Amino acid sequence: MVTFHVRSAPRAAPPLHTAAPPLRPPVRRPPPRCHNTLRSCSGIVPVAPCGAAADNPCMTKHTIHEMLTGQVPVDTSVTVEGWVRTRRDSKGGFSFIQVHDGSCFDTIQVVAPGELENYQSQVLHLTTGCAIRAVGKLVKSQGKGQTCEVQADRIELVGGVDDPDTYPVSAKRHTFEYLREVAHLRPRTNTFGAIARVRHALSMAVHRFFDEHGFVWVHTPIITASDCEGAGEMFRVSTLDAVNPPRTPEGNIDYTQDFFGKEARLTVSGQLNGECYAQALSRIYTFGPTFRAENSNTSRHLAEFWMIEPEIAFADLHDDADLAEDFLKSIFRDLLQRRGDDMKFFADRIDKDCITRLEKFIDASFERMTYTQAIEILEKAAAGGHKFEFPVRWGIDLQSEHERYLTEQHVGRPVVVTDYPKDIKAFYMRLNDDGKTVAAMDVLAPGIGEIIGGAQREERLDVLDQRLDEMGLVKDDYNWYRDLRRYGTTPHAGFGLGFERTIIYATGMANIRDVIPFPRTPGNAEF
RNA sequence: UCCCCUGUAGCUCAAUUGGUAGAGCGGGCGGCUGUUAACCGCCAGGUUGCUGGUUCGAGUCCAGCCGGGGGAGCCA
């Protein structure tokens with residue numbers, strides 16, 4: 001069995017938050033040669049003895065993560081390929097280069113001796129952002145602050161920085177607002193590298209959870225011609241001439257000549273399509289981009305964001321709430337286990353409570369209460385002197401101040417609020433026997449408020465039709481959706497989770513524009 | 001969309017009541033016996049977001065526009 005050495009450097013994470021387990025077994029018997037026939041491992045430079053699995057011939061180079069976590073034995077010849085974060089010149093006539101390659105949070109220190117042939121001409125001119133390849137040996141560090149480092153025999157400048165004076169991303173602190181203007185370069189910073197890895201880890205955790213629980217990932221369409229999704233303003237998709245579109249005799253735009261023969265838009269939710277597959281495969285989920293053309297300009301809204309929407313058949317609202325609880329705890333547990341290095345950074349520099357918040361979240365059982373009970377609690381609080389900007393009475397939608405009071409002050413744990421008044425919820429939510437409320441639920445969490453919104457769906461055709469009528473919606477527009485209620489209908493439920501909001505919650509990042517690689521917001525679609 | 005704040009060197013920020021635009025970091029050059037956001041010295045770097053106005057004089061005051069931030073609404 002292999003032992004993994006966790007670095008004892010200052011940045012080493014506590015046991016719960018150790019780095020991800022190795023992707024593949026460490027080197028055991030170094031074969032004499034690298035049989036890489038797909039492409040050159042590293043051009044003309046000799047590379048490390050190829051210890052990679054035979055089915056992975058291009059992985060003969062080691063990542064910084066592998067070197068720092070003891071998967072590469074000391075005294076192994078190694079090749080580091082990455083980007084320079086800083087260069088420090090020693091009094092002794094040699095230099096230290098901190099290199100990152102994205103494989104983990106930490107950089108590795110490359111020691112460049114003054115005897116290198118290009119030391120004066122290139123090494124001493126390396127600046128932040130330069131791409132380099134360092135060939136040498138992984139050795140125990142003579143200095144403090146790191147256990148191992150790369151003693152370089154050769155350093156190649158793979159890609160230089162045109163004008164170091166104006167390179168937009170220095171090694172020093174930048175504001176997030178500034179980095180948004182250089183979104184093509186910001187992944188090279190500590191924070192955005194960490195965000196990218198956390199985002200990936202959470203994505204994989206989502207798929208892992210659903211896969212292990214028998215859910216099928218359904219790729220619901222991005223483009224939709226049904227105007228009945230009803231969750232917000234939509235972007236139009238068209239190939240018509242925008243300046244001189246074809247017109248009907250009445251003067252309206254003639255969409256029958258458009259690409260799809262009718263008006264088409266970008267989806268605002270995969271739920272209605274997801275229900276179709278849930279009524280055949282029992283447990284499904286969607287995970288993909290979603291588009292809302294709302295003119296919302298806040299730290300919690302994007303025009304393009306990713307949403308996760310599970311849907312389960314033969315299930316009621318309680319099953320839905322149980323699923324939400326198990327799901328959230330599972331992905332946060334996964335995140336802490338697999339990205340301890342990045343999470344430690346967020347705890348150190350962004351939000352000191354982010355790790356303990358997740359640990360508490362994982363350990364707590366979610367409180368359950370009905371909307372009516374929630375209103376009673378809030379009314380008591382108001383009577384007891386608690387000031388709410390928006391007055392509380394049965395029938396209102398809960399404001400974020402109300403949600404925060406419930407989860408942060410009244411319960412101190414995540415809360416699932418169920419059974420909201422039907423007038424403030426969507427047509428597809430199942431009408432309760434009281435005739436006044438629907439089987440909707442919101443999961444509220446301390447520090448963020450609503451993190452999940454879901455519902456048991458209305459499976460009875462007559463009741464669904466009645467709700468459509470009440471809301472002034474045209475039944476014919478929903479015929480395929482109504483068919484589900486005519487052919488083998490079942491009680492079913494689901495919820496929606498905004499992926500970026502989940503990342504915000506996990507990391508403590510303040511602005512949603514900083515947890516997606518290239519944010520799209522009103523007035524901004526750069527990059 | 002509404003309310004409030006804000007825009008000065010590559011970056012982060014100063015600039016008194018309207019009176020000669022500065023510092024730190026970054027960059028260049030030179031020092032310095034293993035450094036940790038290294039350190040020390042010197043140098044370069046600006047149409048103060050844009051347009052107009054008030055004034056002897058505007059980074060500073062006024063108007064409009066553009067960008068950024070915070071809050072609200074909408075929501076995920």
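Predicted model only: the values in this text are computed from it and were never measured. Throughout, protein chains are lettered first and strands after them, A, B, ... in sequence-line order, and every chain is numbered starting at 1.
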[X]: partners by ring-ring contact (aromatic ring centres under 6.0 Å, His included), with sequence neighbours left out:
{"X": "A/H492", "result": "none"}
{"X": "A/F235", "result": "none"}
{"X": "A/F305", "result": "none"}

Per the atom types in the model, does the base of B/C75 pair as donor or acceptor with the side chain of A/S296 at under 3.5 Å? no
Check nucleotides 5-14 of chain B for protein N or O atoms closer than 3.5 Å to its own N or O atoms and list the pairs.
{"unit_1": "B/C11", "atom_1": "O2'", "unit_2": "A/H174", "atom_2": "ND1", "d": "3.0"}
{"unit_1": "B/U12", "atom_1": "OP1", "unit_2": "A/T175", "atom_2": "OG1", "d": "2.8"}

Classify the nucleic acid contact of [X] as base, sugar-phosphate or nothing, counting any heavy atom under 4.0 Å across all strands shown.
{"X": "A/F495", "result": "nothing"}
{"X": "A/G143", "result": "base"}
{"X": "A/Q109", "result": "base"}
{"X": "A/T127", "result": "sugar-phosphate"}
{"X": "A/L302", "result": "base"}
{"X": "A/E304", "result": "nothing"}
{"X": "A/F499", "result": "nothing"}

Any chance you could encode RNA chain B as dot-bracket? Rule is Watson-Crick or G-U wobble with both distances under 3.5 Å; [ ] for pairs crossing earlier ones, | for another strand. (((((((..((((.....[..)))).(((((.......))))).....(((((..]....))))))))))))....
Judged by modelled atom types alone, do A/S103 and A/E66 share a side-chain donor-acceptor pair under 3.5 Å?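 Per modelled atom types, A/S103 and A/E66 side chains form no pair under 3.5 Å.
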Nucleotide nearest [X] (side chain, heavy atoms from C-beta), chosen from [options]:
{"X": "A/R180", "options": "B/G68, B/A38, B/C75", "answer": "B/G68"}
{"X": "A/Q146", "options": "B/U35, B/C75, B/A72", "answer": "B/U35"}
{"X": "A/V111", "options": "B/G73, B/G34, B/C75", "answer": "B/G34"}
{"X": "A/N511", "options": "B/G70, B/C75, B/A72", "answer": "B/G70"}
{"X": "A/R513", "options": "B/G69, B/U36, B/G34", "answer": "B/G69"}

To the nearest angstrom, how far is [X] atom [atom1] from [N] atom [atom2]?
{"X": "A/L124", "N": "B/G31", "atom1": "CG", "atom2": "C1'", "result": "13 Å"}
{"X": "A/D89", "N": "B/C29", "atom1": "CG", "atom2": "P", "result": "11 Å"}
{"X": "A/I512", "N": "B/G70", "atom1": "CD1", "atom2": "P", "result": "12 Å"}
{"X": "A/E294", "N": "B/U1", "atom1": "CD", "atom2": "P", "result": "13 Å"}
{"X": "A/Y420", "N": "B/C75", "atom1": "OH", "atom2": "P", "result": "13 Å"}
{"X": "A/H125", "N": "B/G30", "atom1": "NE2", "atom2": "P", "result": "8 Å"}
{"X": "A/Q142", "N": "B/A38", "atom1": "CD", "atom2": "P", "result": "19 Å"}
{"X": "A/M509", "N": "B/G69", "atom1": "CE", "atom2": "C1'", "result": "15 Å"}

Distance check: side-chain N/O of [X] vs OP1/OP2 of [N], anything under 4.0 Å?
{"X": "A/N297", "N": "B/C74", "value": "no"}
{"X": "A/R88", "N": "B/A38", "value": "yes"}
{"X": "A/Q98", "N": "B/A38", "value": "no"}
{"X": "A/S90", "N": "B/U35", "value": "no"}
{"X": "A/S299", "N": "B/G71", "value": "yes"}

5' priority, RNA chain B, between A/T128 and A/F94 [closest heavy atom]: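 Looking at the nearest nucleotide for each, A/T128 comes out on the 5' side.
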Near-ring test A/F388/A/Y405, centroid separation under 6.0 angstrom: yes
Hey, would you say the A/F366 and A/F361 ring centroids sit under 6.0 Å apart?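 Between A/F366 and A/F361, the centre distance is under 6.0 Å.
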Taking only Lys NZ, Arg NE, NH1 and NH2, and the carboxylate oxygens of Asp or Glu, determine whether [X] and [Y] approach each other closer than 4.0 Å.
{"X": "A/E401", "Y": "A/R404", "result": "no"}
{"X": "A/K360", "Y": "A/D353", "result": "no"}
{"X": "A/K344", "Y": "A/D342", "result": "no"}
{"X": "A/R368", "Y": "A/D322", "result": "yes"}
{"X": "A/R199", "Y": "A/E500", "result": "yes"}

With sequence neighbours excluded, what pairs up with [X] under the side-chain contact (heavy atoms from CB on, under 4.5 Å) test?
{"X": "A/H301", "result": "A/S296, A/T298, A/R501"}
{"X": "A/V161", "result": "A/T127, A/C130, A/Y167"}
{"X": "A/I222", "result": "A/L266, A/P289, A/F291"}
{"X": "A/D316", "result": "A/H318, A/D319, A/Q456"}

Measuring only the [atom1] atom in each nucleotide, how far is [N] from [M]? A whole number of Å is fine.
{"N": "B/U17", "M": "B/G24", "atom1": "C1'", "result": "28 Å"}
{"N": "B/U33", "M": "B/C29", "atom1": "C1'", "result": "22 Å"}
{"N": "B/C42", "M": "B/C5", "atom1": "C1'", "result": "41 Å"}
{"N": "B/A9", "M": "B/A14", "atom1": "C1'", "result": "13 Å"}
{"N": "B/U60", "M": "B/U48", "atom1": "C1'", "result": "10 Å"}
{"N": "B/U16", "M": "B/G34", "atom1": "P", "result": "44 Å"}
{"N": "B/A15", "M": "B/C61", "atom1": "P", "result": "12 Å"}
{"N": "B/G68", "M": "B/A63", "atom1": "P", "result": "22 Å"}

Cation-pi check, A/R357 to A/Y505: give yes when NZ or CZ is under 6.0 Å from the six-membered ring centre and within 45° of the ring axis, no otherwise. yes
Residues of residues 515-527 of chain A with any non-hydrogen atom less than 4.0 angstrom from an atom of RNA chain B: list those, numerically ordered, please.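 Under 4.0 Å from RNA chain B: no residue of residues 515-527 of chain A.
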Any protein N or O atoms within reach of nucleotides 47-50 of chain B? Criterion: under 3.5 Å, listing atom names and distances.
none

Between A/T407 and A/E403 (side chain of the first, backbone of the second, donor and acceptor by atom type, cut-off under 3.5 Å), is there such a pair? no
Donor-acceptor pairs under 3.5 angstrom involving side-chain atoms of residues 177-185 of chain A: please list them, not counting sequence neighbours.
{"unit_1": "A/Y178", "atom_1": "OH", "unit_2": "A/P168", "atom_2": "O", "d": "2.9"}
{"unit_1": "A/R180", "atom_1": "NE", "unit_2": "A/D514", "atom_2": "OD1", "d": "2.8"}
{"unit_1": "A/R180", "atom_1": "NH2", "unit_2": "A/D514", "atom_2": "OD2", "d": "2.7"}

